[in-house]
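Step one of this worksheet: look at the structure below.
Just so you know, these numbers use all the heavy atoms, side chains as well, and skip hydrogens, waters and symmetry mates. The shown structure was predicted, so the numbers you read here are calculated from the model rather than taken from an experiment. Here is the naming used below: chain letters follow the sequence lines, and residue numbers restart at 1 for every chain.
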Number of protein chains: 2
Amino acid sequence: MHDLSPARSAEGGTFMSQGHIDVPAQVEAIRVGEAEGSSIDKACSVLEVLNRISGKWAIGVLLLTTQRPMRFTHLEREIKGVSRRMLTLTLRNLERDGLLVRTVYPTVPPRTEYEATPMARELYETLLVLTGWADRHRHEIDSARRVYDEQSTSRATSTGSP
Amino acid sequence: MHDLSPARSAEGGTFMSQGHIDVPAQVEAIRVGEAEGSSIDKACSVLEVLNRISGKWAIGVLLLTTQRPMRFTHLEREIKGVSRRMLTLTLRNLERDGLLVRTVYPTVPPRTEYEATPMARELYETLLVLTGWADRHRHEIDSARRVYDEQSTSRATSTGSP
DNA sequence: CGGCATCCTCAAAGATACTG
DNA sequence: CAGTATCTTTGAGGATGCCG
């Protein structure tokens, strides 16, 4: 069974060469009732996907590198707000998962390019589906939130009549 | 513009009625180059989706509640490993976003049921797409990781000849 | 230019205990 | 049964500095 729970350092801990580059744990487990079954197995798969594309900067990187090869600095500037560390981390993770290809040109100064692999490009398509969903329901969710917050606030302010 | 960066507490901070029930910040921003544009805008949408379905337990809840109405305790047992607190938090967030409907039956003992809304069920379909991707590339990613880790380890062990 | 290494912060997740 | 309130842990993420 896909018990991801105790797998915090996952894979076995081989990956600690580059120093402390801490590969995120993120969504680590779900392990929903193996008795009820059915779509639960799917959850694991979904989680694995999320583990990959989650982490704040991954999607930005994937989106950009899917369009064209990108240099480190270019990514750093495009993805406003990302730190060198986090960009590197994200890049390494994606590369490790085979979603990115890193090409180093041994020139001076050095030049490194990142490009999404076909596999990642497939994910891109999938992301568009998600995007569609988000766009369609953006307002619905937004109003749902407002309603919920409204009720919560009023309930906290006046629980009846003062 | 969708500048989510400084929006840590988002929404304005209205939602702090139930005590400290801290609505997660999660993936907070991406704000990729507004100059380059094109698919970058999409990134925001995708992020919003991720913000919703991320958080370890959300997907499990969605998957289960999409299949049938579920009681709190049932969810708690099905989603092994989740704490009461986290389950409540997840439930509240999903409810707030209009992805879940909470129905309380004023019986003794109390009975509460959660069920996915149509909107959430659409997301379920999308999740299946993601699942498909994950399943198709599971092995590919796995071997990619092994290769990467292998290279890293050997590079760390013997960088040439001692 | 393209990164590691280090230190630090703060929010998300966990454990535990109490209540309507 | 179905939560809420607190305290603590942990680890993702940020800032900075150095180096090939």
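Taking atom CG of B:Asn93 as the reference point, atom C1' of C:dA12 lies 11 Å away to the nearest angstrom. As a whole-Å value, the separation of B:Met86 CE from D:dA5 C1' is 15 Å. Distance A:Arg85 CZ to C:dC7 P: 13 Å, rounded to the nearest Å. Rounded to whole angstrom, the span from the CD atom of A:Glu76 across to the P atom of D:dT16 amounts to 14 Å. Taking atom CG of B:Leu89 as the reference point, atom C1' of C:dA12 lies 9 Å away to the nearest angstrom.
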Pairs of donor and acceptor atoms involving the side chains of residues 99-106 of chain A, under 3.5 Å and at least two apart or interchain, shall be tabulated with distances.
| residue | atom | partner | partner atom | Å |
| --- | --- | --- | --- | --- |
| A:Arg102 | NE | A:Tyr114 | OH | 3.2 |

Please list, for nucleotides 1-3 of chain D, all pairs of protein and nucleotide N/O atoms separated by less than 3.5 Å.
| residue | atom | partner | partner atom | Å |
| --- | --- | --- | --- | --- |
| D:dC1 | O3' | B:Arg71 | NH2 | 3.1 |
| D:dC1 | O3' | B:Pro110 | O | 3.2 |
| D:dA2 | OP1 | B:Arg71 | NE | 3.0 |
| D:dA2 | OP1 | B:Arg71 | NH2 | 3.2 |
| D:dA2 | OP1 | B:Thr112 | N | 3.1 |
| D:dA2 | OP2 | B:Thr73 | N | 3.0 |
| D:dA2 | OP2 | B:Thr73 | OG1 | 2.2 |
| D:dG3 | OP1 | B:Arg92 | NH2 | 3.0 |
| D:dG3 | OP1 | B:Arg102 | NE | 3.2 |
| D:dG3 | OP1 | B:Arg102 | NH2 | 2.7 |
| D:dG3 | OP2 | B:Tyr114 | OH | 2.5 |
| D:dG3 | N7 | B:Arg84 | NE | 3.0 |

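With hydrogens and angles ignored, the 3.5 Å screen pairs no side-chain donor or acceptor of A:Glu140 with any backbone N or O of A:Arg136. Although no hydrogens or angles enter the test, the distance criterion places no donor-acceptor pair under 3.5 Å between the side chain of B:Arg71 and the main chain of B:Thr112. Judged purely by atom type and a 3.5 angstrom limit, A:Trp133 uses its side chain to pair as donor or acceptor with the backbone of B:Met119.
Listed pair B:Trp57 / C:dA12 fails the phosphate criterion, with no side-chain N or O lying under 4.0 Å from OP1 or OP2.
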How far apart are the C-alpha atoms of B:Asp142 and B:Arg138, what are their side-chain angles, what is the distance that settles it, and do they pass the salt bridge (charged side-chain N to carboxylate O under 4.0 Å, His left out) test?
CA-CA 6 Å; B:Asp142 225 59; B:Arg138 172 178 302 220; over 6 Å; no
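For the atom pair CG (A:Leu62) and CG (A:Leu94), the distance works out to 5.0 Å, reported to the nearest 0.5 Å.
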